[in-house]
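Written out below as structure tokens is the structure these notes cover.
The sequence lines fix the lettering, A, B, ..., with proteins before strands; numbering per chain opens at 1. We use all heavy atoms of the structure for the numbers below, so side chains are in, but hydrogens, waters and symmetry mates are not.
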Amino acid sequence: MVRRPPGSNSYPLGVERYDPQAVEARWQKVWADEKAFETPNPADPATDTSPRAYVLEMLPYPSGDLHMGHVTNYTMGDVVSHFRRRTGHRVLHPMGYDSFGLPAENAAIKTGGKPAEVTAKNIARIREQMLRMGWSIDWSRELSTSDPAYYRWTQWIFLRMFERGLAYKRGAAVKWCPQDQTVLANEQVIDGHCERCGTEVEARDLEQWFFRITDYADRLLDDMEKLEQWPERVLTMQRNWIGRSHGAEVQFSVVGGDEAIPVFTTRPDTLFGATFFVLAPEHPMINDLVRGTEAEAAVTEYVRRRGAESVADRMRDDRPKTGVDTGRRVLNPVTNEEIPIWVSDYVLVEYGTGAIMAVPAHDERDHAFALAFGLPIRQVVATTDVEVDVQAQAYTGAGDDAVLVNSGRFDGMTVADAKNAVPGWLAEDGRGEQKTAYRLRDWLVSRQRYWGAPIPIIDCPSCGLVPVPDADLPVRLPEIEDYAPKGRSPLAAAEEWRAVPCPSCGAAAQRETDTMDTFVDSSWYYLRYVNAHDDMEAFAKSDVDWWLPVGQYIGGVEHAILHLLYSRFFTKVLFDAGYLGFEEPFANLFTQGMIYKDGAKMSKSKGNVVAPDEIVNRYGADALRMYVLFMGPPEQDKEWSDSGVLGPSRFLDRLWKVVDRIAAETSGDPLPAPPADADGGALELLRLTHHSIQRVTEDIDRRLQFNTAIAAAMELLNGIEKQRDGLLGDRIGGQALRHAAGTLVCLVQPFAPHIAEELWETLGGSRLWETPWPIADPALLVADTFECVVQINGKLRERVQLGCGLPKDEVLAAVKALPKIAEQLEGRELVKEIVVPDKLVNIVVK
RNA sequence: GCCGGGGUGGCGGAACUGGUAGACGCACCGGACUCAAAAUCCGGCGUUGGCAACAACGUGCGGGUUCGAGCCCCGCCCCCGGCACCA
């Protein structure tokens with residue numbers, strides 16, 4: 001025991017004060033010395049059927065400062081880990097660092113150091129803070145993504161993507177952040193601004209590397225069925241992001257030319273109402289269409305002006321419609337009318353085919369455009385009863401059961417039927433076909449920055465893009481002088497490193513100088529933990545198939561469409577290539593809410609950051625762990641309260657005192673069997689104890705409701721304190737107290753493992769972290785009496801203790817005999833009597 | 001606009017399957033201990049009326065279903081998040 005001489009009057013003689021710092025340091029050392037939470041892989045995964053639990057939290061970016069979000073995230077995972085361990089599972093609970101990325105590089109540029117050194121220092125600091133929290137992590141599997149032993153395998157996976165045609169390089173209009181001096185993935189642009197630094201992004205035409213995630217769009221959507229338990233909001237976000245729409249591609253032939261321009265539409269049923277045609281300003285055919293025509297100058301000028309606009313400006317939602325007529329025409333393939341081709345920026349080049357058929361009567365945007373430029377509007381869908389007055393140029397959406405008009409052979413058909421019938425008819429002679437479009441774009445993975453995994457490709461003048469042979473991996477980051485971004489990768493300056501012979505023909509060639517997006521690194525780290533130090537392969541199939549999919553994944557909702565979508569994609573690719581036996585990485589996902597202070601996200605610039613270290617210094621890690629979970633439902637955003645942490649802190653103090661006293665005043669096992677012949681207060685305490693087991697177990701295991709689990713533990717402590725004086729001195733009472741105290745320490749252990757371990761020892765036990773989780777005795781969960789609620793006309797009028805299992809008529813008789821109830825029933829007509837067994841009685845009277 | 005989540009005391013929240021609304025904690029008020037303060041312990045704490053027993057009201061608003069609704073249904077309001085000139 002860690003003991004301090006008694007001194008405070010709150011601790012009577014013989015009881016030592018709870019000193020969290022000493023207790024926590026002691027047990028952290030024990031756990032480290034005993035490697036208490038290291039879990040080797042099974043010796044023979046093929047035959048090992050033991051229960052297992054892979055509990056994983058999203059790995060941190062090692063900024064050097066642990067923040068409250070980390071504390072919440074990793075404490076939740078730790079509670080689950082402890083619980084699974086003590087309910088007989090082999091638990092994998094690793095930790096690592098997402099250590100590539102801009103902050104370390106920017107810090108290095110600012111201070112003149114090296115990114116690797118900055119990163120190493122930050123990792124050391126954050127690890128130290130993590131150790132102080134007492135999380136039960138298997139540190140033997142620690143990894144960092146910027147370690148060559150790790151990124152070697154990131155590069156290896158890149159090459160597998162390349163082999164399968166899933167990694168490719170092409171020129172494209174991409175999003176460029178002028179502040180960070182690098183391109184960004186679509187997922188990293190929020191409302192036209194860089195997700196990292198908030199700078200407005202620009203459009204640029206550049207040769208970049210992409211992952212063909214669009215090939216997996218359907219599986220990423222359809223396999224959501226295979227996920228066990230994911231938050232609805234995350235699934236919704238992924239669905240929105242992928243944005244699948246079913247429709248048709250229809251060919252419109254250019255009048256006076258040979259070519260046809262395809263459009264994508266989700267409303268092929270309205271094809272007869274297409275009265276004009278619009279191209280996006282970036283559409284590749286524009287130049288050819290207007291060359292040498294009267295409209296050429298005006299169209300070129302319009303295209304030029306749109307191109308000069310910022311991404312954010314183009315995304316403003318209150319923009320008036322602008323556009324210009326090309327003077328050229330296309331043929332509406334069903335009406336054979338010639339309709340004008342316009343150019344307008346309300347058509348986006350990156351969605352569908354970059355061209356649309358405009359149906360102003362039934363599309364709001366086309367309608368606004370038609371009004372702005374005086375284009376004809378033709379109604380082709382009748383609303384249910386009132387015909388739209390076309391002369392008034394109204395716009396109408398129409399439900400699936402509305403009926404087609406002005407549509408030749410389709411007149412009278414419902415919208416729902418026509419959506420299939422029209423493309424089917426067009427397909428007969430090649431004018432169109434059913435088609436699905438997606439909002440999702442391919443993932444742009446190359447970055448023009450230093451601190452990332454080099455793309456393992458060599459550009460050979462004669463062979464083209466040649467993969468670095470697996471045996472030559474890793475392609476290590478070269479040492480360079482200047483990390484500052486200049487619009488091209490800093491690696492381009494490392495000329496010696498860059499110059500290599502082509503692996504294929506031996507001619508002089510150049511390395512690719514871009515590095516990979518850090519989201520590539522974190523898309524597969526959950527696999528690497530399984531064989532963290534294997535230098536022969538990225539991971540062993542037999543081992544990952546044994547441990548994965550991850551049983552419980554926990555992290556912030558901000559990764560819903562970045563990391564969580566990318567990881568699903570990686571897993572599917574590796575499955576297809578035969579490296580994995582599962583298609584989804586995370587069976588169960590839990591997204592925790594954010595912690596706010598004074599109504600705002602904690603941030604250095606707002607000065608409202610509460611540092612975990614300060615709270616640990618003052619109240620101890622156990623109190624902080626309990627408080628972040630006790631604050632509210634885990635998935636909800638929460639408001640930090642400085643005084644709130646006092647609740648759990650006082651709880652631990654009282655727990656310490658009461659267990660210390662009970663240990664001194666009674667004797668026996670740390671967790672003796674409940675005395676069989678208990679009655680009165682002892683029985684009441686035993687029942688409370690077993691109800692508490694039931695509640696805490698359910699709350700951790702089934703509901704992940706840590707706040708109510710902690711409340712249940714607090715209620716048990718209140719119950720013990722209430723009964724303590726009355727039960728002392730009595731043999732059965734003493735045993736009941738010991739049983740209750742031992743159980744409480746057991747139940748508190750996942751939340752406050754240090755104090756629990758210390759108190760368990762006080763009670764005469766050892767190694768609580770390996771002690772089986774207590775099981776509620778069903779006999780102690782049922783009572784022999786209950787408090788019967790008596791309602792008259794649904795209003796609560798009286799309560800009375802009655803025996804459990806009493807037949808209905810006896811319950812009614814007993815209730816009616818109550819003076820207050822008898823008085824209320826006096827002279828009133830009985831309408832109905834409801835008896836809910838062992839719960840309540842409701843008497844309806846007139 | 002479409003999709004998802006939410007609205008309960010002074011505050012964070014509980015009520016899991018339609019059955020005692022406000023568990024647990026914070027803050028606050030009163031008392032004990034102390035020369036005093038802090039800490040600790042005991043008690044109180046939805047609103048209104050009442051000395052009290054008790055009564056009425058009360059889960060964003062308006063309706064409905066039910067013996068009974070915070071929970072289910074219909075119609076709204078507000079807040080948070082995602083998507084959005086996506087054809």
So what does A/P633 touch, heavy atoms closer than 4.0 Å: a base, only the sugar-phosphate, or nothing?
sugar-phosphate
Using atom CG of A/N240 as one end and atom P of B/A84 as the other, report the distance to the nearest whole Å.
8 Å
Ignoring backbone atoms, establish whether A/K795 has a side-chain N or O less than 4.0 Å from OP1 or OP2 of B/C57.
yes
Does A/Y346 have A/K321 sitting over its ring (NZ/CZ under 6.0 Å from centre, angle to axis within 45°)?
yes
Here the distance between atom P of B/C83 and atom CD of A/E187, to the nearest Å, is 10 Å
Short side-chain N/O contact to B/A87 OP1/OP2 from A/S245, under 4.0 Å:
yes
Could you tell me the Watson-Crick or G-U partner of B/G58, where both distances fall under 3.5 Å? Say none if there is no partner.
none
If the C1' atom of B/C24 is compared with that of B/A15, how far apart are they to the nearest Å?
12 Å
Just how far is it from atom CD of A/E665 to atom CG of A/L728, taken to the nearest 0.5 Å?
4.5 Å
Rounded to whole angstrom units, what separation is found between the CD1 atom of A/I792 and the C1' atom of B/A55?
14 Å
Going by purine N1 to pyrimidine N3 plus the second Watson-Crick contact, or the G-U wobble pair, all under 3.5 Å, which nucleotide sits opposite B/C51?
none
With sugar-phosphate meaning primed atoms plus P, OP1 and OP2, does A/D699 contact a base, only sugar-phosphate, or nothing at under 4.0 Å between heavy atoms?
nothing
Regarding A/V844, tell me which of base, sugar-phosphate or nothing describes its non-hydrogen contacts under 4.0 Å with the strands shown.
sugar-phosphate
When A/T236 and A/M714 are each assigned the nearest nucleotide of RNA chain B, the 5'-most assignment goes to A/T236
Looking for any heavy atom pair under 4.0 Å, which part of the strands does A/R702 touch: base, sugar-phosphate only, or nothing?
base
Nearest 0.5 Å please: distance from the CZ atom of A/F630 over to the OG1 atom of A/T708.
10.0 Å
Suppose you measure atom C1' in B/C28 against the same atom in B/C45; what distance do you get, rounded to whole Å?
8 Å
Between A/Q636 and B/G13, is there a contact of a side-chain N or O with OP1 or OP2 at under 4.0 Å?
yes
Across the strands shown, which category fits A/L840 at heavy-atom distances under 4.0 angstrom: base, sugar-phosphate, nothing?
base
Have a look at A/E232 and say if it touches a base, only the backbone sugar-phosphate, or nothing, with a 4.0 Å heavy-atom cut-off.
sugar-phosphate
Is the phosphate of B/G25, meaning OP1 or OP2, less than 4.0 Å from a side-chain N or O of A/N718?
yes
Between A/E635 and A/R233, is the closest basic N to carboxylate O distance under 4.0 Å?
no
Would you check, one step at a time, whether the test salt bridge (Lys or Arg N to Asp or Glu O under 4.0 Å) holds for A/E350 with A/R441?
CA-CA 8 Å; A/E350 64 264 25; A/R441 306 264 72 84; over 6 Å; no
Conformer about C1'-N of B/G75 - syn within 90° of 0, anti elsewhere
anti
Below 4.0 angstrom, N of the basic side chain to O of the carboxylate: do A/E232 and A/R239 qualify?
yes
Between B/A15 and A/R695, is there an OP1 or OP2 to side-chain N/O distance shorter than 4.0 Å?
no
How long is the line joining CG of A/D637 and P of B/C11, in whole Å?
18 Å
Could you tell me if the ring centre of A/W342 sits under 6.0 Å from that of A/F276?
no
Look at all strands and tell whether A/E635 reaches a base, only sugar-phosphate, or nothing, counting heavy atoms closer than 4.0 Å.
nothing
So, does A/R724 get its side chain near the phosphate of B/C41, meaning an N or O under 4.0 Å from OP1 or OP2?
no
A/R439 CZ - B/G82 P separation (whole Å):
12 Å
Would you indicate what A/R233 reaches in the nucleic acid, counting non-hydrogen atoms under 4.0 angstrom: base, sugar-phosphate, or nothing?
sugar-phosphate
What is the distance from CD1 of A/I834 to C1' of B/C67, rounded to the nearest Å?
3 Å
Select base, sugar-phosphate, or nothing to describe what A/K321 touches, counting heavy atoms under 4.0 Å on all strands.
base
If you look at every strand shown and take non-hydrogen atoms under 4.0 Å, does A/R797 touch a base, only sugar-phosphate, or nothing?
sugar-phosphate
The residue, A/G352 or A/I561, whose nearest nucleotide of RNA chain B is more 5′ is A/I561
Atom CD of A/Q694 and atom C1' of B/C16: how far apart are they, to the nearest Å?
12 Å
Please determine if A/D642 and A/R618 form a salt bridge, counting it only when a charged side-chain N lies under 4.0 Å from a carboxylate O.
no
Spell out yes or no: do the side chain of A/N842 and the base of B/C67 have one donor N/O and one acceptor N/O closer than 3.5 Å?
yes
Would you classify A/E833 as touching base, sugar-phosphate or nothing, given that sugar-phosphate means primed atoms plus P, OP1 and OP2, and contacts are heavy atoms under 4.0 Å?
nothing
Quick one: look up who B/G1 pairs with, Watson-Crick or G-U, both distances under 3.5 Å, and put none if it's unpaired.
B/C83
Within the structure, does a side-chain N or O atom of A/R650 lie under 4.0 Å from either OP1 or OP2 of B/U40?
yes
